[in-house]
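Note that the numbering runs from 1 along the sequence shown for the chain.
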Amino acid sequence: MCTALLLVPCQAAARERADVLIRHATLVDVQHSSVIADQAIAIEGDTIRALGPDRSLSLKYAAARTVDATGKFVMPGLWDMHVHFGGGQELIGENKALLPIYVAYGVTSVRDCAADISDSVIQWRSEVAAGSLVGPTIYTSGPKLEGYKPLWKGTIEVGTPAEVDAALDRLQAMKVDFVKITDNTLKPDIFEYAVKAAKTRGIKTSAHTPYAITIEQAARDGLGSVEHLDYLIKAGSPLEASIGANYVAGKLTYGEASDRFVETFDAGYAKGEYSRLKKLGIYVTPTLNMSRILAYLDRENHQGDPALALIGPGLRKTYEWRVERAAKSTPAQVDARHREYELSLKVLPMLRDAGIPILAGTDAGYLNSFNYPGQGLHDELQRYVEAGLTPREALASATITGPAFLGHSGRYGAIAQGKAADVLILDANPLKDINATRSIRGVVLHGKWLDRAALDKLLADAKAQVASWNERAAKDAR
Ligand SMILES: [Zn+2]
């Protein structure tokens, strides 16, 4: 029985245990575009156990670690819905070293959109889930589906329905989170068969759609997400089908067809088409920052980018492919790329207006020059706001839409009871200025608290590792 004299210890004894208690936080509610001041958040294991006004909730919990978030803003961890781990078996170590970098930039989940080291990615997915590897939660497509002898390495080559069925069996055995399909050499009818077959099996798909098929047709087949905004420019051309047919007939090269989609884009037509696509339930990953970087390689020199210190020499070497390709461009091709990017900025708010869910994704990883893991997602969100999205819409694309696409909305997408304890603590309000997502004071990663010093150490360790790889590469070159 408690006496008045023992009141304080009695209350303490009645307190519930929490692993982490965040106090005096201003909660960012992305869904409702609002903030709630002076909240406490109790975290147990990898889950948010409770939250509420600090005055009452803080009395209910005794925590192993208390974090004072006075004057700080708390929001869900960020999702990068388009990354790649790849570049060959010899780059497995360099790819693995990217995982803590994502965390240091507040990215707590990534969707790996296929490459050539899937076995390693699937192993990391388990290790992160088990807590034995520091990294974002990984969702992966495993190896992607392509036609015979494609440009891309590490793909599953399919040319018949039976081969698609066998590939999907194999991917399901690997427990992939979705299926990625690209169009380099894949026959259009096999593309459509694969999308439909995956849908029948209840697996989400993500794709580069063959020019022979309209985006609306792919959406009718059940395609889950369109990767890269240029495919929505294609969908916004009233001549989409006939330009596609001319490409198939060999009357236009891929690049010429792509330019024709831009030239014939019609805002009035696109508006109607986007509302049809919205009804078909398709998602879009714009990868706008990547388009911007590639479009302006002619005038922006990235050789002095500080983030290069975090990229291993092997990965950095893969950057050269796009730089060399861009360097060979004619002035007309450079102009066309600029025009396409400028049009992309206009298309993004049209997609928003149509209600098409937007997935924030970077395309960071190998090959995609100067689009840096972690940092790139903040750049991507900045591009969205430059294009006319509100900060709230940009934040939703990186916190709410990703879990919704993958069917994990119950566990992610908000700071709420029962949700995953993937939490960012920021110095400023990201609903007012999207750049506030860069002002990270600390991250709760799967329930573990990492303060700024711990995040800086992840970056310092990654830099030291890259410096030693660079030294060795320089020695080998001598
Ligand atoms: Zn990609």
Side-chain angles (χ1 to χ4, degrees), residues 25-37 69 71-83 101-111 136 229 283-293 296 305-307 341-342 344-353 355-364 370-404 412-415 422-443 452 455:
T26 298
L27 205 71
V28 177
D29 182 340
V30 177
Q31 182 72 44
H32 302 101
S33 193
S34 62
V35 293
I36 316 168
K72 308 292 179 203
F73 294 81
V74 172
M75 67 168 282
L78 300 167
W79 289 50
D80 187 333
M81 288 296 284
H82 193 131
V83 308
I101 298 172
Y102 281 109
V103 173
Y105 280 96
V107 177
T108 54
S109 296
V110 295
R111 184 179 66 148
L229 196 71
Y283 286 60
V284 175
T285 318
T287 65
L288 208 54
N289 191 52
M290 190 67 238
S291 304
R292 195 194 164 282
I293 291 168
Y296 295 97
D305 287 358
Y341 182 70
E342 283 155 21
S344 299
L345 292 175
K346 295 194 179 89
V347 168
L348 187 71
M350 293 178 69
L351 301 177
R352 180 268 319 271
D353 293 345
I356 294 177
I358 293 163
L359 298 164
T362 55
D363 221 353
F370 317 116
N371 192 358
Y372 302 107
Q375 182 187 307
L377 187 66
H378 300 274
D379 297 339
E380 181 75 12
L381 299 184
Q382 194 182 338
R383 299 285 96 84
Y384 293 173
V385 173
E386 284 165 9
L389 265 56
T390 65
R392 189 208 82 80
E393 288 162 350
L395 292 173
S397 76
T399 57
I400 296 173
T401 327
Y412 296 94
I415 303 289
D422 285 342
V423 176
L424 308 190
I425 298 188
L426 307 175
D427 283 339
N429 182 355
L431 290 168
K432 286 208 170 131
D433 176 2
I434 195 62
N435 279 306
T437 58
R438 300 176 196 263
S439 66
I440 299 172
R441 274 302 107 204
V443 173
R452 188 62 251 175
L455 300 175

Exercise. What is the minimum heavy-atom distance between Thr399 and Gly77, and which atoms define it?
Worked result: CG2-O, 3.8 Å

Exercise. What's the shortest heavy-atom distance between Val385 and Ala394, and which atoms?
Worked result: CG2-CB, 4.0 Å

Exercise. Does a donor on one side chain and an acceptor on the other come within less than 3.5 Å for Tyr372 and Asp305?
Worked result: yes

Problem set entry | Within-4.5 Å side-chain heavy-atom neighbours: Val83 and Pro373 | no

For this session: Indicate whether any N or O donor in one side chain lies under 3.5 Å from an N or O acceptor in the other, for Thr285 and Arg111.
Result: yes

Problem set entry | Side chains of Val103 and Pro136 in contact at under 4.5 Å (non-hydrogen atoms) | yes

Exercise. Got a donor-acceptor contact below 3.5 angstrom from the Arg452 side chain to the Ile440 backbone?
Worked result: yes

Exercise. Quick one: are Asp29 and Val35 in side-chain contact, heavy atoms under 4.5 Å?
Worked result: no

For this session: Give the minimum heavy-atom separation between Ala387 and Leu348, together with the two atoms involved.
Result: CB-CD2, 3.9 Å

Exercise. Given side chains that start at C-beta, do those of Pro76 and Tyr412 come closer than 4.5 Å, heavy atoms only?
Worked result: no

Exercise. Is a side-chain N or O of Arg392 found less than 3.5 angstrom from the main chain of Val30, in a donor-acceptor match?
Worked result: yes

Exercise. Hey, are the side chains of Thr108 and Val423 touching, using non-hydrogen atoms and a 4.5 Å cut-off?
Worked result: no

Exercise. Thinking salt bridges, do Asp379 and Arg438 make one under a 4.0 Å N-O criterion?
Worked result: yes

Problem set entry | NZ/NE/NH1/NH2 to OD/OE distance under 4.0 Å, Arg383 and Glu380 | no

Exercise. Taking all atoms of both residues into account, what is the closest heavy-atom pair of Tyr384 and Thr287, and its distance?
Worked result: OH-N, 4.4 Å

Exercise. Given the rule in the side-chain contact (heavy atoms from CB on, under 4.5 Å) test, do Gln31 and Ile400 qualify, once you have shown the distances and angles that lead to the verdict?
Worked result: CA-CA 8 Å; Gln31 182 72 44; Ile400 296 173; 3.5 Å; yes

Exercise. About how many Å separate CG of Asp363 and CG of Leu288, when rounded to the nearest 0.5 Å?
Worked result: 12.0 Å

For this session: Answer with yes or no whether the side chains of Asn371 and Thr362 bring together a donor and an acceptor at under 3.5 Å.
Result: no

Problem set entry | Distance, nearest 0.5 Å, that separates CG of Asn429 from OG1 of Thr26 | 8.0 Å

Exercise. Do Arg352 and Ile358 have side chains that get closer than 4.5 Å, going by heavy atoms?
Worked result: yes

For this session: Search all heavy atoms of Ala360 against all heavy atoms of Leu377 and return the closest pair with its distance.
Result: CB-CD1, 3.9 Å

For this session: Take the angle between the ring planes of Tyr105 and His378 and call it parallel below 30°, perpendicular above 60°, tilted in between.
Result: tilted

Exercise. Given side chains that start at C-beta, do those of Leu229 and Ser291 come closer than 4.5 Å, heavy atoms only?
Worked result: no

For this session: To the nearest 0.5 Å, tell me how far Ser33 OG sits from Leu395 CG.
Result: 8.5 Å

For this session: Give, for atom CD1 of Ile356 and atom OG1 of Thr401, the distance between the pair rounded to the nearest 0.5 Å.
Result: 12.5 Å

Exercise. Heavy-atom distance under 4.5 Å between the side chains of Ser439 and Phe73, does that happen here?
Worked result: no

For this session: Identify the two heavy atoms, one from Asp422 and one from Ser109, that lie closest to each other, and give their separation to 0.1 Å.
Result: OD2-OG, 4.5 Å

Exercise. Can you tell me how far CZ of Arg292 sits from OG of Ser344, rounded to the nearest 0.5 angstrom?
Worked result: 12.0 Å

Exercise. Hey, mind stepping through Leu424 and Thr437 against side-chain contact (heavy atoms from CB on, under 4.5 Å) and telling me if it holds?
Worked result: CA-CA 9 Å; Leu424 308 190; Thr437 58; 5.7 Å; no

